[in-house]
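The structure under discussion appears below in the form of structure tokens.
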Amino acid sequence: MKFWIFSLTLLMFGCSNFENLTDIDQSESIKSVAIPLVNSKLSVTRLQELAEGNTSLKIDQDGHATIYYNGEVIRQSAASILPPLPGGLPYPIIDTISPVKLEFNNTYLIKKAVFDKTSIKFHAETSFAQNIDVTMRILELEKDGKKFETKFTIPFNGNLPSQYTTPNISLQDWVMTSESNTITFHYTATLPDGSKVKLDNCYMTFDLILFSYVDGYLGYHTFPVKGSTIDVNLFDQWKSGGFDFMDPKIVLSVENAFGLPVRSRVNSMELTSITGNNLSLQSSFINTGIDFAYPSFDEIGQVKITNFSFNNTNSNIREVFNEKTKTITYDIEALVNPDRDTTIKGFINRDSYFKVDVAVEVPLLGSIQQVVLSDTVDSDLPDFEDVISGQLKFITKNDFPADVIFYVDFLDANNAIILSLFDNQGFVLKAAPLKADDTTGPSDEVITFEELDVNEINALRSSKRIVLTAKLNTTESDVKKPLWILDRYGVDIKLGAILNVTL
């Protein structure tokens, strides 16, 4: 995630470029050559193009900028609650009326279910040396106002016992209604003379058990998150100082099409700073969990959305986030039927799902107190000879409500400082003027020259790296005045060397 401070670092410490040397003055014996060192321009809207992965920058209608990091961490479909059950298990029909308990999870109590892509078949045997006609009913199954019924004949082929297995019989869209996960078989077996008999052996098998809709008590379920760490990267360049975010948030967003209670349980949420400190997010909701909305029986097919934020009103997030957060590690579970109340009747259908997202949301509203940033760029100046004088030229323009003081050090091949500019006082890039509405007004381009003596020129020519350090301070930050960063804000900075060489 690239926060605006980090992006200012990119701005201030842009790429070096030593090509396209420009003659800016020429006489018979002396030529002045301009060499660009740093040339960068960045606005808040440019940050949108720099955002990568799950990071985004959003601008509201008033131009306020907010950084988001988000990612889906839990997604479960109906199959996670009631997966297809394998078939093949025989359900014995031991009498002409036989209630049989279906083998679901022991904690389920299914009241109503609609079969989907499910077939059954019956097997029957008899010791009578005659054909037997069988009418088989399942009392709890109904479709289009009719109870389930199928007829078949057990033929006598000269060998006993006679037996017969029906072809597969589709249960597609048949509705099962039960109070106890039980279906009841009722058959009549009739001899050719009309006499009713009892079968010696009879059973039913499913090829699989799959439902397009089911309601009742569907058990207690725990689903852990898929990922567990958000790498924030807001403060990678931060050396010292403080930033007071006014309203950082960790947001849980939930889509729930299950007609079941779902609760998010946050077992822990740890924030690690760039200095290695570990801090725990504290909130009453860490202990109690967060209950999410779910559709009622009048809202089957709808998706209920719940958004919950850990913010500065219900947690210590402002305190811990301002500790220069580097990573957020969390242990979150989604609980279905969290109270295990078997009297709660819920539903799912084939399209049901729930999804939980975890996001970090940082409105760019706050104050900066003497924040120090630092970065290094390579330096490889052309090997001019006979340089007799020179200067550095700064062209700057700042629309942000923050003063920036630059310190520039040139390093040799051994990373030793061989030249420091501005007498260690720094180059001040003033904040844009602040208006009564706490936004900045127009700013002017400022051109500044820094003269170089012979020793400084020699150091510049032999330098291999440039270390740029910047200290930021928001306008009136002594009273910690919170200011918004707007989409129209930007900073231009150009640094170049002008060398006068003899021909």
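Index from 1, following the sequence.
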Run the side-chain contact (heavy atoms from CB on, under 4.5 Å) check on Phe297 and Lys345 step by step: do they pass? CA-CA 9 Å; Phe297 279 90; Lys345 183 180 177 183; 3.8 Å; yes
Let's go through Tyr108 and Tyr217 carefully: what are the C-alpha distance in whole Å and the side-chain angles of both, what is the deciding distance for ring pair (Phe, Tyr, Trp, His ring centres under 6.0 Å) to 0.1 Å, and is it a yes or a no? CA-CA 6 Å; Tyr108 290 4; Tyr217 178 72; 7.8 Å; no
I would like to know whether Tyr407 and Ser420 meet side-chain contact (heavy atoms from CB on, under 4.5 Å); could you show each step before the answer? CA-CA 8 Å; Tyr407 303 89; Ser420 294; over 6 Å; no
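Side chains of Tyr353 and Gln76: a donor-acceptor N/O pair is absent below 3.5 angstrom, by distance only. With 3.5 Å as the limit, one finds a donor-acceptor pair spanning the side chains of Thr439 and Asp437. A donor-acceptor pair shorter than 3.5 Å can be found between the side chains of Asn311 and Thr313. Inspection of the Thr222 and Glu333 side chains reveals no N or O donor paired with an N or O acceptor under 3.5 Å.
Atom NZ of Lys111 has more than 12 neighbouring heavy atoms from other residues, nucleotides or ligands inside a 6.0 Å radius.
Looking at every heavy atom in both residues, Trp484 comes nearest to Pro363 through CH2-CB, 3.5 Å. Residues Val467 and Leu411 approach most closely at CG2-CD1, 3.4 Å, considering heavy atoms. For the residue pair Leu281 and Ile250, the shortest heavy atom distance occurs at CD2-CD1, 4.4 Å. Of all heavy-atom pairs between Val303 and Ala257, the closest is CG2-CB, 4.0 Å. Minimum interatomic distance between Asn316 and Ser280 (heavy atoms only, all atoms of both residues): ND2-O, 3.3 Å. The heavy-atom pair separating Pro295 from Asn256 by the smallest distance is CD-O, 3.5 Å.
Looking only at distances, no side-chain donor or acceptor of Thr118 sits under 3.5 Å from a matching main-chain atom of Phe115. A donor-acceptor pair is defined here as one N or O able to donate and one able to accept, closer than 3.5 Å; such a pair exists between the side chain of Ser283 and the backbone of Asn314.
Val501 places none of its side-chain heavy atoms less than 4.5 Å from the side chain of Ile388. In this structure the side chain of Val266 reaches within 4.5 angstrom of the side chain of Phe310, judged on heavy atoms. Looking at heavy atoms from C-beta onward, Leu260 lies out of side-chain contact with Tyr294 at the 4.5 angstrom threshold. Side-chain contact check for Leu252 versus Ile290: some heavy-atom pair is nearer than 4.5 Å. The shortest side-chain heavy-atom distance between Ile466 and Val408 falls under the 4.5 Å cut-off.
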Distance-only donor-acceptor pairs under 3.5 Å for side chains of residues 442-449, two or more places apart:
residue, atom, partner, partner atom, Å
Ser443, OG, Asn398, O, 3.0
Ser443, OG, Asp399, OD1, 2.7

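Atoms NZ and CZ, on Lys249 and Arg318 in that order, are 12.0 Å from each other to the nearest 0.5 Å.
Note on Lys304 versus Glu299: salt bridge recorded, some NZ/NE/NH1/NH2 to OD/OE distance being below 4.0 Å. The pair Arg465-Asp409 fails the salt-bridge criterion, with no side-chain N (NZ, NE, NH1 or NH2) lying under 4.0 Å from an Asp/Glu carboxylate O. Lys464 has no carboxylate O lying under 4.0 Å from a charged side-chain N of Asp412, or vice versa, which leaves the two without a salt bridge.
Annotation: cation-pi geometry not satisfied between Arg75 and Phe354 (NZ/CZ under 6.0 angstrom from ring centroid, within 45° of ring axis).
Residues passing the salt bridge (Lys or Arg N to Asp or Glu O under 4.0 Å) test with Asp173, sequence neighbours excluded: none.
The only option from Ile348, Asn349, Asp215 that meets the side chain to side chain contact (heavy atoms under 4.5 Å, CB included) definition with Ile300 turns out to be Asn349.
Separation of the Phe308 and Phe285 ring centroids falls under the 6.0 Å cut-off.
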